[in-house]
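On a predicted model such as this, the values are computed, not experimentally measured, just so you know. All chains are named by letter (A, B, ...) in the order of the sequence lines, taking the proteins before the strands, and each is independently numbered beginning at 1.
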Amino acid sequence: MTSVFDPELILYTTAIGLITIGLAGVVMSSHLFRMVLALVIAEAGANLMLVLAGYRWDAVAPILTSLSEPAAMVDPVPQALVLTAIVIGVGIQALAVSLLIRIRQRYATLDRKEAAERMDSEIAASMGAARDVSQDAPLGERPLPPIPADQVNMRGGDAP
Amino acid sequence: MGNLTGLLFAGGLGFMLLTLAGGLDFGTPPMLVGSEIQAHAPQQTGAVNIVTSVVLGYRAIDTLGELSILFAAAVSAGLILGRRHTTAGTQTKGGFILYTGGSLLFPLMMTIGFYIIFHGHLTPGGGFQGGVILAAAFFLPLLARPGARLHHKTLSLIEGFAGASFILVGLLAMMEGKAFLQPLLVQDTLGQLISAGTLPLLYLAVGLKVGAELASLLSRLIQTEAPQ
Amino acid sequence: MSDIEVWILLLLALMMLCAAVMVLLVKNHIAAVAAASVVSLGLALLFVIMRAPDVAMTEAAVGVGLSSLILALALRRLGLWKVDSEQVKYILLSHGGENKDG
Amino acid sequence: MNAYLVLTIALPLLGAFLLPILMRSSIAIALWSGPAILIYGCWTIADIWLQGSTQPISIAIGGFAPPLGINLYIDSLALLFAFAVQLLGLIFWPFTLDQDSARRQSLMLLLVAASTGLALSGDLFNLYVFYELAAVATFGLASASGSSAAYVATLRYLILSGIGSVLTLFGIALIYSKTGTLNLAHLAQLAPAQLNDELGLTAFLSILIGIGVKAELFPVNTWVPEIYATASTRLSAFLAGLLSKLALLIILRLLLLIFHQPEAAQVLLILGILGVVSGELAAWRAKELRRMLAFSSIGQLGVMFIAMALPDGAGVLAVLALAIHHLIIKSGLFMLAEDWGGAIQRLRGSAKMAPLGAALFVLFSLSLVGMPPLPGFWAKFTLITELAGQSEPLYLIGLAVFLLATVIEASYLFRVAAILYQDAPRETLDHEIPKNEGLSLVTATLFGAGLIAAAVMIAPVGDSLNTIAVQVQDIDLYISTVNPGGSQ
């Protein structure tokens, strides 16, 4: 290696850094949307890690150019895995976003703690168990302001 | 307080993982499976792009699983966001540039999308990348004309049949007495557009499915009502 | 890997890490989404350098394009699409000043 | 003939893709195509079972020999669980007909396909893909109830499971960069030389936490009470009964085949003990039946992790016995809980209204606690003898915790049983007392019948479990069956 820096070390540090930052972000952020963003970052780190697992310096991309003299290629398998992982990630992300939209509509908040408390009190209410539920918390279906009352019946499925 | 412990924990974790770097030599992977695949891929699958031969040949069932995951995500999003949409009022009409650009770009993007899909076994790219571009091509008119709607019926038809044809190609191989998802019709035309047997068919199925799924996902997102 | 590539690598890595930290710390949600797509973009460029053109294309299409689009749409639907009012005021005011001068 | 086993994964996927289209053209065909696919799956697996070959086989998907391609590894254990997946998929099939039923049935088919893949697959990354598929299908089904709490619970579950999937990917990347292969048999070959260090341990821990999300492992099980309280009871039964066992099975396979470090077992032991303590105590405090069942399932899976941590595969038989026993009991209990929602105190007098349901509850409770003639006793006894034979203090702590947990379990289960048999308060009207009826009671009776059948035939059942356990532990058999690398 002629260079001042070891490229593999840079890449490895980046991957670990992204994973760590992402996971720390998921654990610490107080906003549900930020949690999803942090998850995206962590996933990016994991993908980088996986590509790095098959990376060879001084090798070419895994596409045959001349049939007679195959050159040294980087490992194609991790690249195929990462293709899969990226698409899986975006699917989960879309799902998370649609959940967020619903939560925002029902609870009018995306604060992590607030949403969790609302959920807990709703679960407790649905179980009929005695839990000191403050009266302003919704017991049944969303009585919350963000949706005007005349639109309630237009929404599918959940209207009472 | 919780933040501080979290930060310390994350820092410690990162440091621990970094020290592990000493145990690995990146840059010189063992390539136990990789080099075997490189040696055999052109003969066994007929694809010049070895990543494609891994994605659609050696690990085809992973790809099937991945398609299913995308499908599951789209179905779940449909379940969550419901069927009825209110499009009125929440969107502003696209400007002239967006409107004209959208109409101009649509055929161009379709061409590029299908080009990428059909050349997946020769050059970088393939069903996933092409599918995303197809989805973008269908999504553009939605941005330009807020009133426009995608045909969800058509989309779900494409989605279902594309996914089914991926499996059916696999089952076809079984009927020929081979293994499930084994590539068929490997001819000695390495490097040409029509080569690699069933792989381009599989990639076409993947591209159509991904495109239809993403288009319906995006349109669902854009058509749900925004809060005031 | 040539020297210049290593320098590009280092630059990209720093950019990505900074953007990742920004995603978590910045107040404005639009800026956070933008920072997240910077991470994806850096990742796509890294994949190019790492001889993974397929992955780079996918990351560019899915990570930079689609995922940012989904997140931006989500911002709209979640009511988080708010430009920082202080900054807007500042920009508007300074524009007004320029006009007067000119 | 055996090659058709791959259809148990492919056909549910095909059905899932086509169901939304079918539903539009003909509802009758669409309604019955799902169950038909599952019945075909059951029949295929049972057919292989009945051929009587006990030798494991390996099916190469795509015709590529194992280390290059992906293979399905089919031994008795995999067959047993694949059969259980298809059967339970049929039992818990969402028959309800409404505007979302096509979507729900599609997701159920995807969940069944993914679970079958989890039972059969012999490739690390393929396991990850099926694991994610199962997770996404679960998200959809869990949020299908449409209550606001369900959405929040699902999102929290999704984020936790996202953390898990990042960690799993990281672990897979570590393993791949060290060994250059993903095939489990190939890894088993290489592991003693290459993965027997801190790197292997780190990889194991990340994969353990990742897969542990579904297996209700101690620190990553916060989703359990939330999801089981908000999702439909049938989904809860499927998750608690089957999917957690499949994740457990994967961890067991990885531990036996690849990760032999004593530290790995110790971590499992500690996490298992913590899971037992936290789960059982929370179950004891729970005031609602479903919540109680959710927490107690955390506790019981903790017991299985303790058993798994026994050195040299001594606990494999106990793990299998506990897992299958728990599968039957928890599915049955959740089916009973379907009609017994609400505070436990409301259940007073239920025994008079629904004597069969109450009797089944007592039966399940007795077996879960470990009453001698019932299979639960045998499963627990196997574990106790193995644990008592260990000399290390940590295992003895595990034993003590396990015995204590049994006492707690008995106290809260019999508390519920006592309430069931109490007289209803005088002012309550008959129709206000919740009682089981209809499909859920029939299903619970099925599980009860299975339990009694196992109790009657405890000797042959024990023998075959023992054979399965021996087969699972035979690493050389696994490697030679898959034969990675051919002659190498």
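- A distance of 10.5 Å separates CG in D:Leu18 from CG in B:Leu157, rounded to the nearest 0.5 Å.
- Interface with chain B: from residues 134-142 of chain D, residues D:Val136, D:Ala137, D:Gly140 qualify, criterion being any non-hydrogen pair under 4.5 Å.
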For this session: Check step by step if side chain to side chain contact (heavy atoms under 4.5 Å, CB included) holds for B:Leu79 and D:Leu107.
Result: CA-CA 10 Å; B:Leu79 207 54; D:Leu107 287 175; 3.9 Å; yes
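- Checking D:Leu133, D:Leu109, D:Val129 one by one against B:Ser68, the side-chain contact (heavy atoms from CB on, under 4.5 Å) holds for a single residue, D:Leu133.
- Of the inter-residue distances, the one linking B:Leu168 atom CG with D:Leu14 atom CG reads 5.5 Å to the nearest 0.5 angstrom.
- Looking at D:Ala150, neither its backbone nor its side chain comes within 4.5 Å of chain B, counting heavy atoms on both sides.
- For a residue to count as touching a neighbouring chain, one of its non-hydrogen atoms must lie under 4.5 Å from one of that chain's; by this rule B:Phe166 does not touch chain D.
- Only the side chain of D:Leu110 comes within less than 4.5 Å of a heavy atom in chain B; its backbone stays farther off.
- Residue contact with chain B, scored on non-hydrogen atoms closer than 4.5 Å, is absent for D:Tyr128.
- Neither the backbone nor the side chain of B:Leu70 comes within less than 4.5 Å of any heavy atom of chain D.
- Both the backbone and the side chain of D:Thr181 come within contact range of chain B, judged by heavy atoms closer than 4.5 Å.
- Of the two parts of D:Leu111, neither the backbone nor the side chain holds a non-hydrogen atom closer than 4.5 Å to a non-hydrogen atom of chain B.
- With a 4.5 Å cut-off on non-hydrogen atoms, D:Thr179 touches chain B through its backbone but not through its side chain.
- In this structure, the ring pair (Phe, Tyr, Trp, His ring centres under 6.0 Å) partners of D:Phe17, at least two apart in sequence or on a different chain, are B:Phe71.
- Checked against side chain to side chain contact (heavy atoms under 4.5 Å, CB included), B:Ala212 has the following partners two or more places apart in sequence or in another chain: B:Leu155, B:Ile158, B:Glu159.
- Heavy atoms of B:Ala173 lying under 4.5 Å from chain D are absent altogether.
- Contact record, D:Ala10 with B:Ile167: O-CD1, 3.8 Å, taken as the closest heavy-atom pair.
- Every pair passing side chain to side chain donor-acceptor pair (under 3.5 Å) that includes a residue from residues 118-127 of chain D is listed here, sequence neighbours excluded: B:Arg59-D:Asp123, B:Asp62-D:Asn126, D:Ser121-D:Asn126.
- In terms of heavy atoms, D:Leu68 sits closest to B:Tyr58 at O-CB, 3.7 Å.
- Both the backbone and the side chain of B:Ala73 come within contact range of chain D, with heavy atoms under 4.5 Å apart.
- Taking D:Ile61, D:Leu19, D:Leu190 one by one and counting their heavy-atom pairs under 4.5 Å with chain B, the maximum is reached by D:Ile61.
- Of all non-hydrogen atoms in B:Gly160 and D:Ile21, the two that sit nearest each other are CA-CD1, 3.7 Å.
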